[in-house]
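Protein chains get the first letters and strands the later ones, always in sequence-line order, with residue 1 at the start of each. Because the structure is predicted, anything quoted here is derived from the model rather than measured.
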Amino acid sequence: MQFKNFNRLAFLGVFSLLLFSGCGNQGSKEGANGALNSSAAEKVYVAPGEKDDYYAFLSGGYSGNLTVYGLPSGRMFKEIPVFSQFPTSGYGYSEETKPLLNTSHGFIPWDDLHHPDISQTNGELDGRWVFVNGNNTPRIARVSLATFETEEIIEIPNSAGNHSSSFITENTEYVVAGTRFSVPVPQRDMPINEYKGNFKGALTFIGVEPEHGHMEIKFQVIMPGFNYDLSHPGRGKSHGWFFFSTYNTEEASSLLEVNASQNDKDFIAAINWKKIEEYIANGGGKMVPAEYAHNVYDESTHMATSTMIDEVLTVDPTEIPGAVYLLPTPKSPHGCDVDPSGQYIIGSGKLSADITVHSFDKMIAAIENEKFDGDAYGIPILNFEEVLAGTVKSGGLGPLHTEFDSDGNAYTTFFISSEVVKWKLGSWEVVDRKPTFYSVGHLMIPGGNSRKPFGNYLVAMNKITKDRYLPTGPEMEHSAQIYDISGEKMELIYDFPTHGEPHYAAGCPAELLAPKSRKIYRLDENKHPYAAIGPEGAKVERNGKEVHVYMSTIRSHFTPDNIEGIKVGDKVYFHITNLEQDFDVPHGFSMIGQNTSEILVMPGQTKTTVWEPKKPGVWPFYCTDFCSALHQEMQGYVRVSPAGSKVELKWSVGE
Amino acid sequence: MKKASLLMMLGALLLLGLFQFPLWNIMLGAPQYPEPLGINIFINGLEGQSEFDLQNIDGLNHYIGMKTLPKPEDMWEFSVFPLVIGGMALLGFLLGVFGLLGKIGARWFLGWLILMTVLGVLGMYDFNAWMIDYGTNLDPNAIMKLQNPDGTPMSYKPPLLGHKQLLNFDAYSYPRLGGYLMGFGMVLTFFAYLVGRKKEYQN
């Protein structure tokens, strides 16, 4: 009997303990950081050998590259060179990849990469490609999500500051590129102060061929001379529309920080691209002269080619009834984001405290009922009240960008008040707010810009780092924070430095990409014209002053590794083929005195680097990637004789 | 005899699985190879567990001076083994047919099994001899010449059956489906003999 009572007491004791610890947990979620640390650590801890749940592609901003991270660990997996030369792999230095950086202005070794967007099918991420924009010299690039390499870059004519890019429609019909600067179209010599009414803003719709992803400019909408800041596609019911935020509707050309901030409202431009397609199908639009580069990398030849294109189809929106409308939106909106249902278009007036939400249904009704408040250069302006769905009274300052979870919540970054605010679609009530460190620009929820968001994690990408990490002098990497958003309240769980300046990011579940990530390039599919398929394919050919070395590599030697008969004044092309067919066994190649970078050659790949020897002598080369236990032995010599010498061209290995 | 003969026929036919499935398999795992490299041994040649495994094993073996893995034309076994297996399957099947027709007794089944066992043992002996040669007959100019603690040259012979540590590699050697089918087939022929003999005694 006593024993029984004791049991009962013990049971009660345990029960109350549970009760208290339950309360404690709930309390600590609201409370100070300290109590959270252990559970936050568990949430981001990916044990050695374990894998992350999500891929995150963060733009590298002024690095010109795209970085690949894992979530929730925040570990960086790869830096993918896109618009910038990358000596690590020889991207933009190797003969094969130089054409990728060709433009109508010639070879450009750098750009400012802003907004990654993953391809979609039926509004859901499909993981085929990620598109990114080059902001400075307007370009759009396509990166393969099987090889994680840049496969194609297309230049955008009539554009300048390619910022409201590179967002895709829900079946990847188009990748869209809008101009930030308006400019004379076509470019011409004219006084800057005649901007107003004369400069134009081109919104470019680039078709994406579904099988290979090849891009082609289908048309450019020549809009009034505003600045087009960001854009997003309609989805679901609003599929067929594209929305662009604008600022500088004042059309100022100088001291924009003041002069472009005068109008109480700027616009979100709604473009009905299906209507424009119809118009073009019926012979509409005007083909105008242009000059832009289209660069395509061929995986079988391991080589890019650059083609110049000399015309582009333009459309005047005022000639297409019902194609373009302007939605007044307060205070120079930056973000222009569409919720997963396609019903709400969120304009973040960056000088405002509030977030403006437009309703797609109300917009359609306003168009039908012609609720216009005049026009801008012939484009109807819809009445603000008629299209407004609601306003989020956030209490923050400087909203920039919004993404969504799958439960009807929106998450908006506030640059000035440095925080992320969670609010409810429809009721516009603020549910939670958490500080960021510091001055957050954009945020990313995997799939948060699609019909199907994965609402586990939110990454906030900050513009200011200050004291977050050990100091590294005046220049520091930017900081990012990861929040767990699976509960009602957001929880800061991790803080990590990013590379370059991430302006935007895209994420997707790991299982969408990991199984199809390429391990090697097949040697039997290598169609490079200078490939040495097998050591027997190795040779050296002279063609005047050009010398082509067909060189193969396998652990751990080059074939050939001794070359004689090279002369000062020659231009020597080393075409290196990696014969390995084993995962993660690259070989590198570098030549002393070479005025370019090394090259890193993946298994089955061929890459070319040029050397122009200037001095007679015997000059060594070596493998730069620690490929095996005998990597250090992977080296060779080239004998360089004076110009005009009679030394015979010969090559060998193992003699 | 009907049941015994059918068992005999089935057991003999199971040998034909060797034309479709590997007889044996050797897997080689190492810290650098979390996905191990593997060799599937068929009666008519070798295949990689993954497409490029043979090439990659040869690539690694060149450090220690091993010969490259044999192509079918490099070893007489790969042309003779299919004939032996095909012949034995046919012979066993025919014995079953004769048994069914009442032309022969169950001891013929046992005779087949003894012959098959002798051939199997010879095959294993040959396989082991090849592995000894492969693992010890090394290029004198090999990059790495490793010795046992007693000063003798290190052997890289993979195990005939089971696990063995070869430098940084863990080698595992076990039969595969073709081998298991053959073994099961041979057991069936032994049952055929037992069932047949019991029937003969009863009669």
Side-chain angles (χ1 to χ4, degrees), chain A residues 46-51 77 146 514-526 531-538 552-559 561 577-587 601-605 623 625-636 653-655, chain B residues 25-40 45-74 135 138-147 153-156 158 165-172:
Chain A
V46 178
E50 301 283 302
K51 307 275 176 19
F77 303 141
K516 68 184 182 82
S517 176
R518 290 282 293 274
K519 291 186 166 167
I520 58 162
Y521 299 100
R522 293 183 66 100
L523 207 54
D524 57 11
E525 289 173 1
N526 183 327
I533 309 292
E536 59 283 359
S552 70
T553 61
I554 196 154
R555 283 165 285 178
S556 298
H557 60 275
F558 295 98
T559 307
D561 64 3
T577 303
N578 183 347
L579 300 181
E580 308 282 357
Q581 294 285 269
D582 198 355
F583 184 32
D584 199 17
V585 188
H587 291 294
V601 191
M602 295 304 124
Q605 195 177 38
C623 172
D625 185 290
F626 204 110
C627 55
S628 75
L630 293 152
H631 156 72
Q632 200 68 354
E633 283 73 9
M634 193 164 172
Q635 59 187 50
V653 65
E655 280 174 14
Chain B
N25 170 279
I26 299 174
M27 295 302 286
L28 298 160
Q32 306 84 341
Y33 286 91
E35 272 179 48
L37 299 167
I39 307 172
N40 277 327
L46 305 180
E47 263 185 30
Q49 175 80 18
S50 298
E51 188 180 357
F52 297 107
D53 279 3
L54 295 188
Q55 174 181 336
N56 292 331
I57 290 168
D58 280 340
L60 295 169
N61 286 348
H62 99 280
Y63 290 114
I64 47 177
M66 284 168 109
K67 288 197 278 272
T68 55
L69 291 164
K71 305 270 180 295
E73 60 271 20
D74 297 339
L138 305 173
D139 183 345
N141 293 321
I143 296 164
M144 296 165 77
K145 287 185 277 284
L146 297 178
Q147 293 180 336
M154 194 176 272
S155 158
Y156 307 103
Q165 181 89 26
L166 300 168
L167 298 180
N168 56 329
F169 278 90
D170 279 300
Y172 296 89

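- Neither the backbone nor the side chain of A:Leu523 comes within contact range of chain B, judged by heavy atoms closer than 4.5 Å.
- Annotation: the span from A:Lys519 atom NZ to B:Glu35 atom CD amounts to 3.5 Å, rounded to 0.5 Å.
- Residue B:Lys67 qualifies as enclosed at atom NZ: its count of foreign heavy atoms under 6.0 Å is above 12.
- Within the model, atoms CD of B:Gln55 and CG of A:Leu579 stand 8.5 Å from one another, a figure rounded to the nearest 0.5 Å.
- Counting heavy atoms from C-beta outward, B:Phe52 and A:Pro603 have side chains that stay 4.5 Å or more apart.
- Residue A:Asp582 forms a side-chain contact (heavy atoms from CB on, under 4.5 Å) with just one option from B:Asn56, B:Ile57, B:Asp53, and that option is B:Asn56.
- Taking CG of B:Leu54 as the start and CD of A:Gln581 as the end, the distance is 13.0 Å to the nearest 0.5 Å.
- Here B:His62 contributes atom NE2 and A:Ile554 contributes atom CD1; the two are 8.0 Å apart, rounded to the nearest 0.5 Å.
- Within a 6.0 Å sphere centred on NZ of B:Lys145, heavy atoms belonging to other residues, nucleotides or ligands number more than 12.
- Looking at B:Gln32, there are no atoms closer than 4.5 Å to chain A (heavy atoms on both sides), in backbone or side chain.
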